[in-house]
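What you are looking at is a predicted structure, and each value in this text was computed from that prediction instead of being measured. Side chains are part of it too, since the values below use all heavy atoms of this structure and drop only hydrogens, waters and symmetry mates. The chain is numbered in sequence order, starting from 1. Every number for a ligand or one of its atoms is a count from 1 in the order of the listing.
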Amino acid sequence: MTQTSFVPLHPQPVEEDPLELMDEIEQLKAEHDAVLLAHFYVNGEIQDIADFTGDSLKLARDAVTVTNSTIVFAGVHFMAESAKILNPAKRVLIPDLLAGCSLAESCPADKLAAYQAELRQAGHDFETVAYINTSAAVKSLCDWIVTSGNAREIIDRVPAGKEILFVPDQHLGRYLSEVTGRPMILWPGSCMVHEVFSVQDLLRAKRNNPGSVVLAHPECPKPILDVSDVVGGTERMRKYVASVSTPTIFLVATEANMIHPLSLAAPQHTYIPVPGIMASDGTTCACNKCPHMSRNTLRAVRDCLKTGQPEIQWQPYFDKAQAVLQKSLLQ
Ligand code: CIZ
């Protein structure tokens with residue numbers, strides 16, 4: 001009988017010890033004068049070894065305070081791009097260049113420019129407010145940039161006589177229009193993670209967890225927000241749970257990795273990711289995990305520090321985007 005050796009169809013990457021990877025990252029950071037920034041939506045193990053964690057607003061503000069020559073941004077592309085735009089002299093690395101964003105993809109710069117021209121032609125006198133989840137090319141076409149953390153404050157700065165074109169998240173725009181009382185023309189984009197929550201499952205979860213409190217991100221559609229108790233971005237969620245001392249069950253309608261910083265900020269509570277409780281076999285469903293954020297692995301962080309790639313390169317439209325980002329996030 002001939003001996004055949006087993007060849008896997010797709011070679012699997014060799015498992016690496018997470019603790020060794022963490023040590024290697026620490027060493028490479030020191031060697032390359034690098035600092036690691038991690039968004040609340042990346043894997044907890046990366047948040048644990050980061051120098052700074054937070055939402056886009058906090059991380060953009062942290063990035064301008066660092067003295068290191070290299071910034072590694074564990075997040076998605078538009079976040080690393082914003083860090084580069086605000087720190088042109090620094091080298092900005094992103095662990096995986098393919099870490100994109102469904103919202104940013106829903107609003108290409110050429111389509112936005114055409115729509116703005118159409119609106120002007122039709123006599124609209126407006127300013128364009130973009131959610132930070134947009135490409136730098138889109139930011140360069142806008143008057144203001146908002147994050148979930150500063151949106152109300154920025155919308156108050158848009159002159160009262162102007163209409164507002166809000167891009168790209170229709171749900172966040174609708175919510176902001178309601179809370180600020182400013183009518184808005186909405187771009188029809190949405191986030192693939194926040195779109196998947198089901199009202200039925202959320203109501204069932206509330207019934208199964210008497211006394212629970214629902215935290216929802218304003219990127220969720222209105223029917224979810226209508227049955228939620230606290231609506232806010234990730235930093236607001238974190239501050240909210242920390243302000244409650246009585247152990248509480250929180251049902252969390254946002255990216256599932258957010259449970260990590262919430263548990264660190266207020267370990268006395270129980271956190272249940274909203275879609276997780278609806279899986280019929282009792283396991284956690286992964287549909288509330290952003291596939292782009294998940295590209296940030298310890299191995300990818302290590303490799304980008306080791307090779308200096310992928311690096312965010314300065315683009316001609318960054319100059320215009322810089323002025324908008326600075327006035328919106330730093331002033
Ligand atoms: O602002 C951010 O970082 C995003 C995208 C969401 C949030 O609420 O933190």
Side-chain angles (χ1 to χ4, degrees), residues 37-44 46-47 50 52-63 73-83 85-86 94 99-107 129-136 138-139 144-155 166-173 175-176 179 189-195 197 214-221 224-225 228 230-242 250 252-262 264-265 273-274 288-296 325 328-330:
L37 275 60
H39 192 271
F40 282 150
Y41 288 165
V42 300
N43 294 335
I46 296 177
Q47 296 189 45
F52 297 91
T53 56
D55 63 0
S56 301
L57 181 61
K58 177 176 176 293
L59 292 177
R61 290 176 175 169
D62 290 337
F73 207 118
V76 291
H77 190 264
F78 74 81
M79 296 176 182
E81 216 177 29
S82 299
I85 293 168
L86 293 171
I94 178 167
C101 168
S102 55
L103 270 170
E105 280 157 23
S106 75
C107 185
V129 178
Y131 190 28
I132 192 151
N133 299 38
T134 43
S135 67
V138 161
K139 289 183 175 83
W144 301 97
I145 308 300
V146 300
T147 71
S148 57
N150 73 350
R152 285 194 198 194
E153 193 189 305
I154 293 290
I155 286 163
F166 188 86
V167 303
D169 190 330
Q170 59 183 308
H171 303 303
L172 177 65
Y175 171 75
L176 290 172
V179 297
S190 53
C191 163
M192 65 193 290
V193 173
H194 292 93
E195 279 263 299
F197 301 120
V214 181
L215 303 178
H217 198 282
E219 289 178 31
C220 293
I224 293 286
L225 301 189
S228 298
V230 179
V231 176
T234 54
E235 190 53 39
R236 168 149 159 69
M237 288 183 186
R238 206 181 63 84
K239 288 198 177 122
Y240 184 81
V241 299
F250 286 103
V252 184
T254 192
E255 216 279 351
N257 282 320
M258 187 59 205
I259 304 293
H260 188 75
L262 293 180
L264 289 178
V274 169
N288 56 0
K289 285 255 187 178
C290 172
H292 296 290
M293 288 287 182
S294 301
R295 287 185 169 274
N296 291 277
L325 268 170
S328 303
L329 303 193
L330 306 182

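With Asn150, Thr254, Thr234 as candidates, the residue nearest to atom 9 (O) of ligand 1 on a non-hydrogen basis is Thr234.
Ligand 1 lies less than 4.0 angstrom from a heavy atom belonging to Tyr131. Heavy atoms of Leu57 stay at 4.0 angstrom or farther from ligand 1.
Contact of the His194 side chain with the Asp169 side chain is not registered, since no non-hydrogen atoms from C-beta on lie closer than 4.5 Å.
Using modelled atom types, no side-chain atom of Thr147 and backbone atom of Ser56 make a donor-acceptor pair closer than 3.5 Å. Within the 3.5 Å criterion, the main-chain N or O of Val42 finds a donor-acceptor partner in the side chain of Gln47. Under a 3.5 Å cut-off, the side chain of Glu255 and the backbone N or O of Cys290 do form a donor-acceptor pair. Here the side chain of Lys289 pairs no donor or acceptor atom with the backbone of Ala256 at under 3.5 angstrom.
Of the listed residues (Thr254, Asn296, Thr234), just one forms a side chain to side chain donor-acceptor pair (under 3.5 Å) with Tyr41, and that residue is Thr254.
Interface atoms of ligand 1 facing His217, defined by a heavy-atom separation under 4.0 Å, are 6 (C), 7 (C), 8 (O). Here is the list of ligand 1 atoms found below 4.0 Å of a heavy atom in Ser56: 1 (O), 2 (C), 3 (O). Taking every non-hydrogen atom of Gly233 and a distance limit under 4.0 Å, the qualifying atoms of ligand 1 come out as 8 (O).
Using a 30° and 60° split on the angle between ring planes, Tyr240 and Phe250 fall in the perpendicular class, above 60°.
The N/O atoms of Ser148, backbone and side chain alike, include one that comes under 3.5 Å of an N/O atom in ligand 1. Between His39 and ligand 1, an N or O atom pair is found at a separation short of 3.5 Å.
Of the protein's non-hydrogen atoms, the one nearest atom 5 (C) of ligand 1 is Asn133 OD1, 3.5 Å.
Neither the backbone nor the side chain of Leu59 has a heavy atom within less than 4.0 Å of ligand 1.
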